[in-house]
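See structure below.
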Amino acid sequence: MAFLCFPALADLHGDGEYKLVVGDLGPSGQHPRLKVLKGPTVLTESPLPALPAAAATFLMEQHEPRTPALALASGPCVYVYKNLKPYFKFTLPQLPPNPLEQDLWNQVKEDRIDPLTLKEMLEGIREKAEVPLSVQSLRFLQLELSEMEAFVSQHKSKSIKRQTVITTMTTLKKNLADEDAVSCLVLGTENKELLVLDPEAFTILAKMSLPSVPVFLEVSGQFDVEFRLAAACRNGNIYILRRDSKRPKYCIELSAQPVGLVRVHKVLVVGSNQDTLHGFTHKGKKLWTVQMPAAILTMNLLEQRSRSLQAVMAGLANGEVHIYHDKALLNVIRTPDVVTSLCFGRYGREDNTLIMTTRGGGLIIKILKRTAVFVEARGEAGPPPAQAMKLNVPRKTRLYVDQTLREREAGTAMHRTFQTDLYLLRLRAARAYVQALESSLNPVSVTAREPLKLHAVVQGLGPTFKLTLHLQNTSTARPILGLLVCFLYNEVLYALPRAFFKVPLLVPGLNYPLETFVESLSDKGISDIIKVLVLREGQSAPLLSAHINMPVSEGLEAT
Amino acid sequence: MAEERLATRTQFPASAESQKPRLKKAQEFPILEKQNWLIHLHYIRKDYEACKAVIKEQLQETQGLCEYAIYVQALIFRLEGNIQESLELFQTCAVLSPQCADNLKQVARSLFLLGKHKAAIEVYNEAAKLNQKDWEICHNLGVCYIYLKQFDKAHDQLHNALHLNRHDLTYIMLGKIHLLQGDLDKAIEIYKKAVEFSPENTELLTTLGLLYLQLGIYQKAFEHLGNALTYDPTNYKAILAAGSMMQTHGDFDVALTKYRVVACAVPESPPLWNNIGMCFFGKKKYVAAISCLKRANYLAPFDWKILYNLGLVHLTMQQYASAFHFVSAAINLQPKMGELFMLLAVALTNLEDPENARRAYAEAARLDRCNPLVNLNYAVLLYNQGERKGALAQFQEMEKKIRLLKDSPSLEFDAEVCLFISAQEARWPRSWELPCRSGRRWSGRNQLKTPSQSTGALQPAKLPVCSSPWALTRLWDRPCRRQLRTGNSHQVPEQQPSPPSRRLCPWSQSPPQEHSQLKHQPRSEKHRSRTAPGQGSSGGDVAG
């Protein structure tokens with residue numbers, strides 16, 4: 001998948017002709033390249049060591065010609081290009097290792113402790129973890145007992161290292177507010193710090209720490225005078241820092257992940273991954289919220305200097321780019337593919353150009369008409385379009401109307417008929433039920449003394465069938481003794497070895513399968529019902545009964 | 001590198017064992033966090049496939065040590081609904097860096113989603129030890145306590161959360177606690193504060209509006225619902241509630257226009273079709289009303305309010321037999337409502353079954369507390385049957401209720417009933433010779449409004465129907481009484497499984513649907529709106 005990122009516009013050669021710089025992950029993601037475009041054509045292409053996390057163009061020094069440098073942040077390094085040639089590589093300083101951990105490895109080096117003790121001690125350090133462990137120690141902790149020895153002997157001579165990486169980068173004017181003033185680089189790192197770099201000497205001018213890892217940065221002001229720094233972090237919060245603060249001064253809790261951070265005049269516009277755009281003051285007070293029709297993928301600032309307009313562009317997952325001025329929607333651009341990054345500025349010799357890269361790896365360049373004026377669409381607050389749709393009321397048929405009329409005429413008679421029939425139905429049902437109870441025709445007996453359940457299964461094709469009766473005592477505690485089973489059947493059609501037998505003691509809850517064979521005597525392919533009665537010794541009325549519909553004997557036809 | 005290799009060689013005499021490691025040693029350990037930014041970028045852009053690909057690559061490279069990759073993988077699992085897997089991965093994260101409150105929070109969140117609230121509380125408490133000032137921990141602890149029904153603790157935790165940082169969600173949960181405890185006033189206080197804090201949150205506005213509605217403070221309710229609709233003109237709950245208020249005021253056309261929006265958004269909502277049906281009823285388009293109500297009934301067969309309305313509309317349509325079935329079905333679901341029995345009685349009266357009508361009225365009068373129409377209609381029936389004493393008693397009862405109603409001016413239908421009653425009075429002497437026209441009883445007459453033309457419409461004259469001599473049909477007596485008794489059907493000493501089914505309500509034994517309080521709200525409001533026409537017409541039916 002091609003993946004274009006961080007488009008940046010800059011007058012890279014100092015000839016007044018603005019070029020577009022784009023990082024390209026390449027088709028397989030393995031060979032990232034840096035592409036410089038002039039108009040719609042690629043001017044130069046150079047390989048990159050890794051996909052950069054961020055890019056920025058900035059002026060490094062005061063000398064003429066004032067050609068901006070290009071900085072790419074990748075891993076722990078910032079690569080600075082001048083005139084598109086590698087110029088300088090800045091690497092983040094190593095983090096101090098945990099002194100205890102260092103001490104342990106030193107002891108190992110001198111063979112004073114064995115790997116097992118080392119493991120225990122390292123785990124102890126990890127539990128407390130004021131300073132995280134180095135990769136070497138972490139890897140060691142993962143090892144099996146057998147591998148430890150080799151690992152230790154291999155690595156013990158190495159000094160332990162802790163290196164962090166850059167997650168985001170932006171620029172901050174050094175001491176002048178001019179457009180072509182010298183700028184510092186501001187870096188956000190994985191160990192939750194912000195660094196400000198001197199543009200000439202590449203030394204760290206200031207270091208600030210955050211409670212979480214920064215993802216997006218937004219800076220205003222000048223480093224030497226006063227500046228405000230907003231950092232959107234991975235914990236869903238946005239921290240606002242000022243020149244003199246080493247720690248965040250204000251905090252905005254989004255309770256969602258920020259997907260973009262743009263400052264418009266004094267308002268911080270934040271896009272969240274819950275499809276909303278929020279406006280905040282620089283002190284973190286919420287001003288407004290706008291709901292987006294789809295997820296926001298990227299955001300950037302649109303600045304039309306000739307009309308001193310600043311607006312926010314948001315690329316959405318439904319393939320649209322929405323342009324907002326505060327809460328008001330100014331314009332919607334529909335694109336053939338989902339836009340993943342946006343950039344607005346001078347390109348070539350055209351002042352207002354919009355650069356969009358798409359998910360599929362496409363690049364869309366749009367030029368704003370010089371006469372164009374963005375107007376806030378005020379009239380869109382009318383009723384939603386759904387209000388104009390007609391209600392889908394179910395239609396009634398002619399028949400329904402006729403029936404209604406009939407009911408009006410003869411409502412009383414209908415009601416009476418219905419009630420009679422209902423009454424008769426109930427009577428009949430009750431009678432049938434009572435009859436069933438009286439003659440114990442049901443397969444479940446619910447009498448207090450003998451709660452029983454019976455069901456029967458017939459197996460076989462005939463002429464001999466196997467009839468299995470499953471008898472279950474459903475009482476909770478009391479066993480049942482002295483039951484009899486009796487089969488009633490047409491002796492012309494069927495023969496059973498025993499038509500009457502005793503049932504063993506029934507333990508509560510267990511299922512007793514009682515098997516017997518049934519032989520079909522008829523050769524005419526007819527079947528009949530066999531009645532099973534469960535009786536109590538000394539009583540003529542059955543406790544329960546079942547009617548078994550015997551299947552037609554198929555074996556007979558084969559013989 | 002070469003020097004290092006040399007160093008190892010000096011330490012270890014060249015042996016077969018040390019040869020292999022030396023080769024491996026050339027590679028440095030990769031930086032674990034190298035791709036974290038890319039993982040995060042894909043994650044927030046919801047490009048989960050790409051995200052997973054990067055995570056997989058990164059985990060392979062670091063042999064599963066990259067904590068953030070595991071963390072995001074777990075988040076994605078959770079979004080995909082594989083909560084158990086996500087829990088396991090979060091626990092791995094917690095092992096990799098035990099001092100990180102975030103990992104513990106996520107473990108607890110997964111436990112919470114799995115319904116293990118107690119375990120979640122334990123983990124949250126542990127996380128709270130690592131990070132004292134996190135509103136999220138407090139908030140989620142509060143939510144867990146709500147599920148465990150420990151409202152006091154939940155209350156404390158949510159207040160802590162609000163103290164640390166104010167969030168709409170915390171307000172909503174806090175309001176919910178008060179609603180669960182049945183404390184409407186406190187809930188309103190909370191929601192008021194919430195709306196002050198975030199005036200554009202439509203959910204808060206709608207809820208507050210509905211609460212006001214429930215308390216009968218219509219002005220404020222309408223204000224908040226209107227605000228909610230300004231910010232989100234397609235808010236389904238707010239439209240339904242506002243529409244039902246419009247219905248109460250007779251703005252049926254406006255309400256219908258508003259309902260169109262809802263019909264587009266939630267075409268299968270029973271309350272919506274119920275309200276639309278009652279709009280048509282108000283506009284006297286009865287066939288449309290019936291078809292809409294029947295759709296509502298199809299969508300929610302156990303909602304007695306819809307059945308009530310169906311019964312009402314059928315009564316108006318003079319389809320008394322159908323009305324009887326709908327009302328009796330409603331009674332099976334809601335056996336504690338006097339008005340339902342009154343409707344049943346009206347239907348029975350018209351089905352020429354005065355015996356059962358009387359029983360139904362008696363039940364209605366027993367259950368009802370404040371609706372004078374019940375007693376009025378009962379009185380009319382008794383009078384028509386020639387029981388003047390009973391009729392007189394009922395009439396006095398009605399007067400008592402009216403006096404009560406007049407004393408509490410908050411109730412809206414007051415005026416309407418007064419009109420109705422006064423209209424009754426006006427025709428009373430004309431139509432019937434009631435021996436109770438003493439001045440004392442009518443002392444309130446001067447305060448009552450005089451009947452106007454418009455009130456005449458409330459009661460279509462159906463004198464002939466009621467005053468016709470009853471044909472006594474004892475045959476129908478029993479089934480109907482049973483119907484009436486369904487409210488306490490368990491008292492009927494029947495051991496047999498009941499015969500197949502009764503009328504059209506095979507579900508008579510099932511309990512009425514439970515709505516959560518908030519959900520219930522719009523419906524009950526609707527109900528109010530529909531009773532208004534109901535009182536007019538049903539009263540009219542019998543009164544005549």
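If you're wondering where the values come from, they're calculated on a predicted model, not measured in any experiment. Values below: every heavy atom of this structure, side chains too, minus hydrogens, waters and symmetry copies. Note on naming: letters A, B, ... go to the chains in the order of the sequence lines (proteins, then strands), and numbering restarts at 1 for each one.
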Part of [X] lying under 4.5 Å from any heavy atom of chain A:
X        : result
B/Asp102 : neither
B/Ser198 : neither
B/Leu169 : neither
B/Gln319 : both

Under 6.0 Å from the six-membered ring centre of B/Phe280 and within 45° of its axis: does the NZ or CZ of B/Lys283 meet both?
-> no
Going by heavy atoms in the side chains, are A/Glu409 and B/Gln318 under 4.5 Å from each other?
-> no
Can you say whether [X] sits under 4.5 Å from chain B via the side chain, the backbone, both, or neither, judging by heavy atoms?
X        : result
A/Lys285 : neither
A/Pro211 : neither
A/Val215 : side chain
A/Gln136 : both

Rounded distance [0.5 Å steps], CG in A/Leu187 versus CE in A/Met169 |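 Nearest 0.5 Å value for the CG-CE distance: 6.5 Å.
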Any idea how B/Tyr68 and B/His40 line up, ring-wise: parallel (<30°), tilted (30 to 60°), or perpendicular (>60°)?
->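 Because their plane-to-plane angle lies in the 30° to 60° range, the rings of B/Tyr68 and B/His40 count as tilted.
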Top residue by heavy-atom pair count (under 4.5 Å) with chain A, among B/His314, B/Lys294, B/Met317, B/Gln35?
->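 Greatest number of close heavy-atom pairs with chain A: B/Met317.
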Interface residue of largest heavy-atom contact number with chain B, from A/Arg408, A/Arg234, A/Gln291, under 4.5 Å =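 Looking at each of A/Arg408, A/Arg234, A/Gln291 in turn, A/Arg234 comes out on top.
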What residue, out of A/Thr168, A/Thr298, A/Val165, A/Leu405, has the most heavy-atom pairs lying under 4.5 Å from chain B?
-> A/Val165
Counterpart residues, side-chain contact (heavy atoms from CB on, under 4.5 Å), relative to A/Thr164 (two or more places apart) |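 A/Leu92, A/Leu95, A/Thr189, A/Glu190, A/Asn191.
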Not counting sequence neighbours, which residues clear salt bridge (charged side-chain N to carboxylate O under 4.0 Å, His left out) with B/Lys34? List them please.
->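 Checked B/Lys34 against salt bridge (charged side-chain N to carboxylate O under 4.0 Å, His left out); matches are B/Glu61.
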Sole candidate of B/Val262, B/Asn275, B/Val266 that passes side-chain contact (heavy atoms from CB on, under 4.5 Å) when paired with B/Ile239 |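 Passing option: B/Val262.
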Ring centres of B/Trp135 and B/His167 under 6.0 Å apart?
-> yes
